[in-house]
**Student:** 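Pasting a structure below so you can have a look.
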Amino acid sequence: MICRHCKQTINYRTLQCPHCAEIQWRILTAATVVAFFGLVIADVALPLFVPHRTGASTSPHLPVVTISARKLYTAYHTDPGAMNRRLAGHTVRISGVVTSIALDFANRPVVSLQSRRHVNDQMTMKGSEKAAAAKLHTGERVVIDCAHMSSIMGIPEGSDCTFESRSR
């Protein structure tokens with residue numbers, strides 16, 4: 001690629017010319033623009049036509065995968081893609097020991113379950129579980145059902161979760 005300012009040859013991946021420090025603006029092709037708007041339209045329109053899956057406790061027909069917080073962490077840390085495929089379309093029932101309780105930006109309870117020494121699985125509870133979460137104590141053993149699971153940097157993250165049971 002040639003820099004438009006100093007006319008020196010530069011790597012096509014470079015955003016700024018190493019010779020003159022001019023920012024390299026690229027002309028978008030028509031195919032790129034169409035693909036971008038296609039993705040935006042699909043993201044907006046598809047939810048209107050695809051049925052939305054309800055929460056874990058309100059969908060008794062969803063199969064349940066039962067796993068401990070430690071095993072969940074190990075599985076996600078080893079192969080997150082395989083774990084996402086295994087848990088897709090399932091309610092995930094996680095058992096573990098509470099290490100902390102907090103609120104997220106939407107004022108929903110987030111319960112951390114011990115999985116490794118300095119790593120905790122994060123379960124974002126439904127807003128309706130706020131009162132039950134307020135009664136939790138660190139060190140308490142709980143079982144939590146989550147409608148959706150994912151991982152961020154190998155750390156399990158549950159959402160739309162409800163309490164199945166709790167004990168000290």
**Student:** Is a side-chain N or O of E140 found less than 3.5 angstrom from the main chain of H137, in a donor-acceptor match?
**Tutor:**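 Yes, E140 side chain to H137 backbone: donor-acceptor pair under 3.5 Å.
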**Student:** Checking H77 side chain against A75 main chain: does a donor-acceptor pair fall under 3.5 Å?
**Tutor:**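 Pair absent, no side-chain N/O of H77 close to backbone of A75.
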**Student:** Would you call N120 and Q114 a side-chain contact if the rule is heavy atoms closer than 4.5 Å?
**Tutor:**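 In contact.
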**Student:** With a 4.5 Å heavy-atom cut-off, do M83 and T78 have their side chains touching?
**Tutor:**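 In short, these two side chains do not touch, never coming nearer than 4.5 Å.
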**Student:** Go through it in stages, so that I can follow the logic: the residues are I10 and I2, the test is side chain to side chain contact (heavy atoms under 4.5 Å, CB included), and I'd like the CA-CA distance, side-chain angles, deciding distance and then a yes or no.
**Tutor:** CA-CA 6 Å; I10 58 174; I2 305 292; over 6 Å; no
**Student:** Looking only at heavy atoms, what is the nearest atom pair of C146 and M123, with distance?
**Tutor:**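 Smallest heavy-atom distance, with atoms named: SG-SD, 3.7 Å.
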**Student:** Using every non-hydrogen atom in the two residues, find where A69 and D121 come nearest and quote the distance to one decimal.
**Tutor:**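 Distance-wise, the nearest heavy atoms are O-OD2, 2.8 Å.
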**Student:** Y76: what forms a ring-ring contact (aromatic ring centres under 6.0 Å, His included) with it, not counting sequence neighbours?
**Tutor:**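 In terms of ring-ring contact (aromatic ring centres under 6.0 Å, His included), with neighbours along the sequence ignored, Y76 is linked to no residue.
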**Student:** As an exercise, state the distance from OG of S95 to CZ of R70, rounded to the nearest 0.5 Å.
**Tutor:**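 Nearest 0.5 Å value for the OG-CZ distance: 11.0 Å.
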**Student:** What is the distance from atom CG of N84 to atom NE2 of H148, rounded to the nearest 0.5 Å?
**Tutor:**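 Rounded to the nearest 0.5 Å, the CG-NE2 separation comes out at 12.5 Å.
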**Student:** Among the clusters formed by ILVMFWY side chains lying less than 4.5 Å apart, do L113 and V65 turn up in the same one?
**Tutor:**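 Yes, L113 connects to V65 through the hydrophobic network.
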**Student:** Any non-hydrogen side-chain atom of M149 less than 4.5 Å from a side-chain atom of I94?
**Tutor:**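 Yes; the side chains approach each other to less than 4.5 Å.
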**Student:** What distance do E157 atom CD and S150 atom OG have between them, rounded to the nearest 0.5 Å?
**Tutor:**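 E157 atom CD to S150 atom OG measures 6.0 Å (nearest 0.5 Å).
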**Student:** Which heavy-atom pair separates P80 from S151 by the least distance, and what is that distance?
**Tutor:**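 That would be CB-OG, 3.7 Å.
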**Student:** Sequence neighbours left out, what passes side-chain contact (heavy atoms from CB on, under 4.5 Å) with S100? Give chain and number order.
**Tutor:**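 Counting only residues at least two positions away or on another chain, S100 forms a side-chain contact (heavy atoms from CB on, under 4.5 Å) with S112.
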**Student:** First locate atom SG of C20, then atom CD of Q8, and finally report the distance between them rounded to the nearest 0.5 Å.
**Tutor:**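 If we round to the nearest 0.5 Å, C20:SG and Q8:CD are 8.5 Å apart.
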**Student:** Roughly how far, to the nearest 0.5 Å, is CD1 of I101 from CG of L136?
**Tutor:**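 One gets 5.0 Å once the value is rounded to the nearest 0.5 Å.
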**Student:** Going from OG on S68 to OH on Y73, what distance comes out if it is rounded to the nearest 0.5 angstrom?
**Tutor:**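 It is 13.0 Å, given to the nearest 0.5 Å.
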**Student:** So do I144 and F163 actually touch side chain to side chain, heavy atoms under 4.5 Å?
**Tutor:**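 A side-chain contact exists here, since the closest heavy-atom pair is under 4.5 Å.
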**Student:** Within a strict 4.5 Å, meaning less than it, do heavy atoms of the E129 and C161 side chains meet?
**Tutor:**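 No, their side chains stay 4.5 Å or more apart.
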**Student:** Mind checking what makes side chain to side chain donor-acceptor pair (under 3.5 Å) contact with T74, not counting sequence neighbours?
**Tutor:**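 Partners of T74 by the side chain to side chain donor-acceptor pair (under 3.5 Å) criterion, ordered by chain and then number, come out as R116.
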**Student:** Between the side chains of T91 and D145, does any donor sit under 3.5 Å from an acceptor?
**Tutor:**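 No donor-acceptor contact under 3.5 Å links the two side chains.
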**Student:** Show the nearest heavy-atom pair for residues H19 and C6, with the distance to one decimal.
**Tutor:**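 Nearest pair, atom of H19 first, then C6: CB-SG, 4.0 Å.
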